[in-house]
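Presented below is the structure to which this report refers.
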Amino acid sequence: MNVLNFVSAFFSDSAHWHGYDGIPQRLLEHVQYSLLALALAAAIGLPVGLLTGHTGRGGNALAFIATAARALPSFGLLVLIVIMMGFGLLPVMIPLVILAVPPILVTTYEAVRSVDPSPVDAARGMGMRESRILFQVELPVALPLILSGLRSAAIQIVSTATIAAYVSLGGLGRYIVDGLYQRDYEKVVGGATLVAVLALVTLAVFWAAGRLAVSPGVRRR
């Protein structure tokens with residue numbers, strides 16, 4: 001059987017569409033893991049990136065941290081954390097957050113630093129507070145690049161959240177792990193296809209978010 005036949009057989013099997021191991025349930029679990037990891041990574045990366053980008057300080061340190069974090073293997077880190085902490089959701093969240101923080105952090109920093117200094121200087125000359133300059137002058141212009149960092153982080157999380165299945169959690173990785181163990185390649189291909197489709201949906205969501213959140217004048221730049 002070729003890949004297309006595997007995909008067709010997987011999605012045409014009614015047993016894969018209901019129950020605790022059904023596609024809707026596994027998809028919901030995967031989305032929940034991904035959203036939680038993205039929210040935690042954004043809560044860390046966005047404030048630090050905005051602050052350091054606005055002040056212009058800490059750029060070298062951010063680059064070093066991002067490079068070091070990207071060098072860490074997610075699966076190896078997961079195994080190490082499970083050995084130290086045991087099974088559960090937290091050992092899965094830690095490597096996913098570590099994976100997602102660097103693109104958010106670095107892109108946010110670069111987005112704010114790339115804003116034209118002329119309106120920033122004008123705002124300071126008018127007596128605006130630094131917080132207002134950041135959120136009312138710099139952030140609207142930097143938003144497209146910030147969204148691109150969030151999009152990159154989200155795609156990486158969606159693709160990597162399959163590791164949750166290795167520590168007895170759910171998600172779409174359950175099909176891949178169980179399929180490999182059972183030598184059920186139809187299930188493996190079906191799970192991989194679902195992850196790829198979810199990644200494409202994530203791209204579409206961020207494209208739509210960019211169209212809604214970014215002003216037309218900034219988009220045309």
Side-chain angles (χ1 to χ4, degrees), residues 1-45 72-104 147 149-209:
M1 295 181 70
N2 59 34
V3 173
L4 292 179
N5 289 334
F6 280 133
V7 172
S8 176
F10 178 81
F11 286 102
S12 62
D13 188 346
S14 61
H16 291 147
W17 290 96
H18 56 81
Y20 73 93
D21 196 37
I23 292 173
Q25 177 63 29
R26 294 306 186 197
L27 183 61
L28 176 62
E29 293 168 349
H30 201 96
V31 170
Q32 288 174 336
Y33 300 153
S34 300
L35 288 177
L36 178 57
L38 182 61
L40 292 172
I44 297 170
L72 293 174
S74 299
F75 184 71
L77 186 60
L78 173 66
V79 172
L80 180 62
I81 295 172
V82 167
I83 291 173
M84 295 189 301
M85 302 179 59
F87 293 93
L89 183 60
L90 182 59
V92 174
M93 287 296 109
I94 291 175
L96 290 180
V97 171
I98 290 175
L99 176 72
V101 165
I104 297 175
L147 286 175
L150 288 169
R151 181 187 63 217
S152 176
I155 295 299
Q156 292 182 49
I157 289 173
V158 166
S159 303
T160 312
T162 52
I163 62 175
Y166 284 97
V167 290
S168 301
L169 293 180
L172 298 176
R174 192 80 266 159
Y175 295 125
I176 299 173
V177 173
D178 291 347
L180 289 173
Y181 178 76
Q182 301 164 1
R183 295 188 178 180
D184 184 349
Y185 299 111
E186 173 189 309
K187 185 178 288 188
V188 174
V189 173
T193 302
L194 285 169
V195 174
V197 170
L198 184 57
L200 292 175
V201 171
T202 303
L203 283 174
V205 168
F206 274 93
W207 177 84

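Only a predicted model underlies this, so the values are computations on that prediction, with no experimental measurement involved. Residue numbers count from 1 along this sequence.
- Contact between Glu186 and Ala9 at its shortest, heavy atoms only, is OE1-CB, 3.4 Å.
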Between Leu38 and Ile104, does a side chain to side chain contact (heavy atoms under 4.5 Å, CB included) hold up when you go through it step by step? CA-CA 10 Å; Leu38 182 61; Ile104 297 175; 4.2 Å; yes
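- Residue Ala100 comes nearest to Ala153 through the heavy atom pair O-CB, 3.6 Å, listed as atom of the first residue, atom of the second, then distance.
- The distance from the CD1 atom of Ile94 to the CG atom of Leu99 is 13.5 Å, given to the nearest 0.5 Å.
- Residues Ile81 and Pro95 have side chains in contact (heavy-atom distance under 4.5 Å, counting atoms from C-beta outward).
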Tyr166 vs Val177, side chain to side chain contact (heavy atoms under 4.5 Å, CB included): CA-CA, chis, key distance, verdict: CA-CA 7 Å; Tyr166 284 97; Val177 173; 3.8 Å; yes
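- One finds the CG atom of Leu147 at 6.0 Å from the CG atom of Leu150 (value rounded to the nearest 0.5 Å).
- In terms of modelled atom types and a separation under 3.5 Å, the side chain of Ser159 and the main chain of Gln156 share no donor-acceptor contact.
- Ring centroids of His16 and Phe11 are separated by 6.0 Å or more, keeping the two rings apart.
- Across every non-hydrogen atom of Leu78 and Pro91, the tightest pair is CD1-O, 3.3 Å.
- Tested against Tyr175 for a side-chain contact (heavy atoms from CB on, under 4.5 Å), the candidates Leu180, Leu194, Val188 yield a single pass: Leu194.
- Arg174 places a side-chain N or O within 3.5 Å of a backbone atom of Ala165 that can act as its donor or acceptor partner.
- Side-chain atoms of Arg151 and Trp207, non-hydrogen and from C-beta on, never get closer than 4.5 Å to each other.
- At distances below 3.5 Å, not a single donor-acceptor pair connects side-chain atoms of Ser8 with backbone N or O atoms of Leu4.
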I would like to know whether Asp184 and Asp178 meet side chain to side chain contact (heavy atoms under 4.5 Å, CB included); could you show each step before the answer? CA-CA 8 Å; Asp184 184 349; Asp178 291 347; over 6 Å; no
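- Between Leu200 and Leu203, the closest side-chain pair of non-hydrogen atoms falls below 4.5 Å.
- When side chains are defined from C-beta on, Leu169 does not count as touching Glu29, because their heavy atoms never get closer than 4.5 Å.
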One pair to check against side chain to side chain contact (heavy atoms under 4.5 Å, CB included): Leu89 and Leu36. What are the steps and the verdict? CA-CA 10 Å; Leu89 183 60; Leu36 178 57; 3.9 Å; yes
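- The closest side-chain heavy-atom distance from Asp21 to Lys187 is below 4.5 Å.
- Checking each of Ile157, Ile44, Val92 against Val97 for a side-chain contact (heavy atoms from CB on, under 4.5 Å) leaves exactly one that passes, namely Ile44.
- Proximity of Phe10 to Ile23: side-chain heavy atoms (C-beta onward) are separated by under 4.5 Å at one or more points.
- In this structure, the separation between CD1 on Ile98 and CG on Leu77 is 5.0 Å, given to the nearest 0.5 Å.
- Contact check for His30 versus Thr162: side-chain heavy atoms found under the 4.5 Å cut-off.
- Ser74 is not listed as a side-chain neighbour of Leu96, based on a closest heavy-atom distance of 4.5 Å or more.
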